[in-house]
Amino acid sequence: MKKGKGSVRWRLVLIYFLLVFIAMVVISVFLLNRIEAYQLSSLQQNIDSTVRESGMLNTLSGYDLKSDSAAIQKYLDGGFSFTTEEISIVDADLNVVASTNSTLVGRSAGAVFDAGIITSVLSSGNDEVLNSQTADGVNIMNLCYGISAGASQPKGVVYVRADLTDIHTLTIESRSLFIRATILALVITVVLGFILATNITEPINKVTETVEKMSKGDFSTEVPVRSNDEIGQLATMFNLMQGKLDATMGEIQGEKSKLEAILKYMADGLIAITTEGEIIHINRAARKMLGINVDEEIGPNAYESFIGHLSPELELGRVLNNSMEGETEFNFDYGGFTFAVRYDRFASEGDSPAGVLILLQDITERQKLEDMQKDFVANVSHELKTPLATVKAYTETLMDGGVDPETTDHFLEIINSEADRMNRLVKDLLQLSRLDHKQERWNIKEADIISLLSLCVEKMTPIAAQKKQALIARFSHDERVTVAIDKDRMEQVFLNIISNSVKYTEEGGTINVDAIKDGEEIKIKVIDNGMGIPDEDLGRIFERFYRVDKARSRAMGSSGLGLAISKQIVEEHHGSIEVTSKLGEGTTMTISLPVVTHRGIANIE
Ligand code: ATP
Ligand code: MG
């Protein structure tokens, strides 16, 4: 901070200086004049009393001024020779008849004295005083007293000349004394003024310094409080304000970082642009969605290259225009993803538009789910429609009559099997719905999974035998592996998996069933050498209604819900179900389930 001559400190010193200077000058002029006037008036009074009160005028009025000059001179010499002033007696003809200054006696008063005041006193009778200067430059006071001659005009004058040199010298000395005093006072004033001004301005400078630091974000320095006066109070208040400001700034900073964290970690993409199209903020999610690197710098004119090209609806001009009319929403597809966009303007102070906030949501998954839901409804309707159409057609034919009993039986069988099929489908759908809504009643108990698996193999053996398939249980039936299961649901899973293998394996094929205990897990494998599943379908066979060969599966009375239900059941048991398959070579389904291990007494046994 610069402290030039214009600073408050120097201005204060200058003001003090001028005040003291003016005061001293006024006082000295006034006092010097008073002293001089006093000296002059007391001198005049002295002379007045010498001339008047001594009875000089009376005595002189008794003399004849022309003839008694010697006697007058004697009178003067006798009574007034000691006076410092020069006393002369002048007659009406302006001749000096006697004088304490012998050199003047006999001379013409007009030549040595001021003739003007003598003639004035002689004509008016009033005494006169006049200050003048001699030819040598000596200041003198001339006093002229009329010597009365009864009622008529004065017959002469007493002319007194007093030397004013002393008075003048005193005045000059006094003046130089005043000048010296003034200089001293000014020096003291400057020093004291400087100290005082420093005392006043220093805390202000400290405040200024602190404010300067505060403007750079440093709130640590406090202004020292040295007194309890106005300046001390200013410092206290300032420190208080700084504390409050610090706290407020802290709060704002906290809010800011909170907001930044929210923006950073929010799942939706957020982009803020100005009304000129400059990108002022783009959060991490938005970068990820648009494939922009986290560290990549985004230039001021990057809108078109980063965002504008994604969809015609995102062109800058269109976005700016639409945002003025309020919130705008739309969806668009880009790079295999579906995005929902919402944007609206944001205002700065005074409600003037400052820019546009664009919110991007990756709704690909949601869209997929919605699509799946739509497909599901379509599938259900379709699956029901086919058997219903068959039932209706056969029923109508029967109702028309004229069908022989054998054909009637056959038709009724078909109607029955279609009804069964619909029944199965509805049952499966209901079960899925219960599983989805967590409404399936579970009866989970510890049970031996090996015996359950043997039972299922046993149940499926005749069906496999119909296709001349060998269904081989390759595990030891004596082994016991305890698993917490709902027996009925798990049986449903095993039957579904084995029946799939039977269904999708040609006549004479082989289906092996393994049960391998692997640590705290039991893996049940159903391995067939059937038709296999193409790679592209492998990932989808657990989806509802998904069948590799729809027509063929449907002909076999399959709806494509079996694996979806099985997967959900296994997962409810904290297990997993996996498939590996090779087209034309066979398929292996693996169900893994956690084994119950009893710690404590059972283990020690
Ligand atoms: P559902 O079980 O409802 O009667 P589905 O057997 O067709 O009908 P899923 O059990 O869910 O349905 O099986 C889905 C699809 O996976 C089947 O349609 C079939 O194409 C394929 N698949 C399942 N298991 C095998 C397997 N062992 N070999 C070949 N393909 C299989
Ligand atoms: Mg099946």
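Atoms within a ligand are numbered from 1 in the order they appear, just like the ligands themselves.
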Checklist entry - ring pair (Phe, Tyr, Trp, His ring centres under 6.0 Å) with Y504: which residues, sequence neighbours excluded? => result none

Item to check | Proximity of Y334 and F339 rings by center, below 6.0 Å | outcome: no

Checklist entry - Which protein residues have a heavy atom closer than 4.0 Å to any atom of ligand 1, listed by chain and number? => result N496, N500, S501, K503, Y504, D528, G532, I533, I541, Y546, R547, V548, S553, S558, S559, G560, L561, G562, L563, T587

Next on the checklist: Counting backbone and side-chain atoms alike, is an N, O or S atom of N500 positioned under 2.8 Å from the Mg ion (ligand 2)?
Outcome noted: yes

Checklist entry - Checking side-chain hydrogen bond (donor to acceptor under 3.5 Å, both in side chains) against S501, which of D528, N512, T510, N529 comes through? => result D528

Validation: residues 461-476 side-chain donor-acceptor distances under 3.5 Å, sequence neighbours left out:
unit_1	atom_1	unit_2	atom_2	d
T461	OG1	V457	O	2.5
K467	NZ	V502	O	2.9
K467	NZ	K503	O	3.2
K467	NZ	T505	O	2.8
Q469	NE2	V502	O	3.1
Q469	NE2	T505	O	2.7
Q469	NE2	E506	O	3.2
R474	NE	D514	OD1	2.8
R474	NH2	D514	OD1	3.4
R474	NH2	D514	OD2	2.9
S476	OG	D478	N	3.3

Checklist entry - Taking only residues two or more places apart in sequence or in another chain, which ones pass salt bridge (Lys or Arg N to Asp or Glu O under 4.0 Å) with E396? => result K392

Checklist entry - So, R287 and E296, do they make that salt bridge, N to O below 4.0 Å? => result no

